[in-house]
Amino acid sequence: MNKIQGFYNIESEGKEYLCKLRGILKRSDKRENCTVGDYVVFDADGFITEVKPRKNLLRRPLVANIDYGVIQFAAKDPAIDYEKINILILNSLYNKISPVLIINKIDLLSQEELEEIKSNLKYLSKIDIPVFYISTYKNLGMDELKAFLKDKVTAFGGPSGVGKSSILNLLQDSKELKTGETSKRLRAGKHTTRDSKLLTLPSGGFVIDTPGFSSVDLPPTSDAQDLISLFPEFHQFGDGCKFNNCVHVNEPQCGIKSAVDSGKITKERYEFYKRCYDKSKNEIWNKY
């Protein structure tokens, strides 16, 4: 279901219907009454009478019932921001959406540069996050991506200039979405997507084209244990901690720090966790 200026474009059994939301369903937070990705019931008069319970809701951008959240970056022009990748992964897990990473523009890299990126992202395989290396220019990796997304609802997000619209066009076997050139001065892309939109894939499933974004905040975790739950690689080593409420920073006999020392958890991910811990403690948890 898509929202269009107060009306909702609903797809049902291969047909599309334009409906409005029944007044009884309207709540004070109008943005969340009914949104892209919702499953609904509607009547013959063109009114939505029920919004089905959601399995998840992403508020930035506002979309619901997502199977995969694709985090897309360019291999080059603009350069990969590894910190932002990790923050977007945290947000996906916080919202109960399975993250998937796409690195586009690999045609711009030498083999050595590509191997360096793969090495930097190797840790993702240990936490079951798929990574696809794509070139829309040479149509590399698209068949594997299409097969992976078949029959799923997938939201695409990432900074401007990474070729998101180009990938969505190839997934749909069309040129429906406008694409933009990368700004030479800013080394970033012009925003070519303005509204979230549910798009049908020929092989089955949907993709949600979301407005490009350049900054993402840490998820609003409630405490240290809530944050720790978003680091899957920590789960198997927590039993090695001396204290049940260990936050894996300054405590002695910490199973997580031991796993870092032995190389079972990468030092980069652990340092990222500590930055998240410090920032959350100072800016988020003191609000509760």
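Any value given below was found using the heavy atoms of this structure, including those in side chains, with hydrogens, waters and symmetry copies removed.
The residue from Ile10, Val51, Val63, Leu57 that alone fulfils the side chain to side chain contact (heavy atoms under 4.5 Å, CB included) condition with Asp38 is Val51. Screening Gln172, Glu16, Glu11 for a side chain to side chain contact (heavy atoms under 4.5 Å, CB included) with Thr200, the sole residue that qualifies is Glu11.
Using a 3.5 Å distance cut-off with no hydrogens or angles, the side chains of Asp226 and Thr221 do not pair a donor with an acceptor.
Looking only at side-chain heavy atoms (C-beta outward), Phe7 and Cys19 stay at 4.5 Å or farther from each other. Using a 4.5 Å heavy-atom threshold, the side chains of Ser98 and Asp67 count as separate. Between Ile167 and Leu145, some side-chain heavy-atom pair lies under the 4.5 Å cut-off. Taking the side chain as every heavy atom from C-beta outward, Ile117 and Leu109 approach each other to under 4.5 Å. When side chains are defined from C-beta on, Tyr133 counts as touching Lys118, because their heavy atoms get closer than 4.5 Å. Taking the side chain as every heavy atom from C-beta outward, Gln236 and Lys264 never approach each other to under 4.5 Å. Two residues are said to be in side-chain contact when any heavy atoms from C-beta on lie closer than 4.5 Å; Phe206 and Thr154 fail this criterion. Between Ile102 and Val131, the closest side-chain pair of non-hydrogen atoms is not below 4.5 Å.
In this structure, the separation between CG on Asn169 and OG1 on Thr136 is 9.5 Å, given to the nearest 0.5 Å. Atom CG of Leu168 and atom CG of Leu199 lie 6.5 Å apart (nearest 0.5 Å). Atom CD1 of Ile66 and atom CZ of Arg54 lie 11.0 Å apart (nearest 0.5 Å). Rounding to the nearest 0.5 Å gives a distance of 8.5 Å between CD of Gln72 and OG of Ser166. From Leu88, atom CG reaches atom CD1 of Ile97 across 11.5 Å, with rounding to the nearest 0.5 Å. For the atom pair CG of Leu149 and CD of Glu144, the computed distance is 11.5 Å after rounding to the nearest 0.5 Å.
The six-membered or imidazole ring of Phe148 lies near that of Tyr68, with a centre-to-centre distance under 6.0 Å. Less than 6.0 angstrom separates the ring centroid of Tyr17 from the ring centroid of Phe42.
Remark: side-chain polar atoms of Asn91 are paired, donor with acceptor, to backbone N or O of Asp217 under 3.5 angstrom. Using a distance-only test at 3.5 Å, with no hydrogens or angles considered, no donor-acceptor pair links the side chain of His248 to the main chain of Lys257. The main-chain N or O of Lys55 is found under 3.5 Å from a side-chain atom of Asn65 such that the two form a donor-acceptor pair. Not a single donor-acceptor pair under 3.5 Å links the side chain of Ser280 to the backbone N or O of Tyr277. Within the 3.5 Å criterion, the main-chain N or O of Glu115 finds no donor-acceptor partner in the side chain of Ser119. Listed for the Tyr123 side chain is no donor-acceptor partner under 3.5 Å among the backbone atoms of Glu233. In this structure, Glu50 contributes its side chain and Ile48 its backbone to no donor-acceptor pair below 3.5 Å. Looking at Lys152, its side chain never comes within 3.5 Å of a backbone N or O of Val207 through a donor-acceptor pair. No donor-acceptor pair under 3.5 Å is formed between the side chain of Glu116 and the backbone N or O of Glu112. Using a distance-only test at 3.5 Å, with no hydrogens or angles considered, a donor-acceptor pair links the side chain of Thr266 to the main chain of Arg269.
One hydrophobic cluster, built from ILVMFWY side chains closer than 4.5 Å, cannot hold both Val36 and Val41; they sit in different ones. Leu108 and Leu140 are members of different hydrophobic clusters when ILVMFWY side chains are connected at heavy-atom separations under 4.5 Å. The hydrophobic clustering, which links ILVMFWY residues whose side-chain heavy atoms are closer than 4.5 Å, places Tyr82 and Leu230 together.
For the pair Lys20 and Phe47, the cation-pi test (distance below 6.0 Å, angle within 45°) is failed.
Shown here for Ser135 and Asn104, the closest heavy-atom pair between the two residues is CA-OD1, 3.7 Å. The minimum heavy-atom distance linking Pro252 with Lys242 is given by the pair O-CB, 4.1 Å. Contact between Lys146 and Ser203 at its shortest, heavy atoms only, is O-OG, 4.3 Å. Nearest heavy atom pair, residue Leu227 against residue Cys276, reads CD2-C, 3.9 Å. In terms of heavy atoms, Ile228 sits closest to Cys246 at CD1-O, 3.8 Å. Taking every heavy atom of both residues into account, Gly141 and Ile134 meet most closely at O-CD1, 3.3 Å.
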After noting the C-alpha distance and the side-chain angles of Ser258 and Phe237, does the key distance pass the side-chain contact (heavy atoms from CB on, under 4.5 Å) rule?
-> CA-CA 9 Å; Ser258 296; Phe237 301 110; over 6 Å; no
Please step through side-chain contact (heavy atoms from CB on, under 4.5 Å) for the pair Gln253 and Phe243, ending with a clear verdict.
-> CA-CA 8 Å; Gln253 299 182 35; Phe243 303 104; over 6 Å; no
Can you list the steps and then say if Tyr8 with Leu21 is a side-chain contact (heavy atoms from CB on, under 4.5 Å)?
-> CA-CA 8 Å; Tyr8 297 85; Leu21 192 66; 3.9 Å; yes
List the steps, then state whether side-chain contact (heavy atoms from CB on, under 4.5 Å) holds for Val40 with Lys52.
-> CA-CA 6 Å; Val40 301; Lys52 295 291 186 180; over 6 Å; no
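Classified by interplanar angle (parallel below 30°, tilted 30° to 60°, perpendicular above 60°), the ring pair Phe231/Tyr273 is perpendicular.
The pair Lys76-Glu113 meets the salt-bridge criterion, since a charged nitrogen lies less than 4.0 angstrom from a carboxylate oxygen.
No more than 12 heavy atoms of other residues, nucleotides or ligands shown are found within 6.0 angstrom of CG on Asn244.
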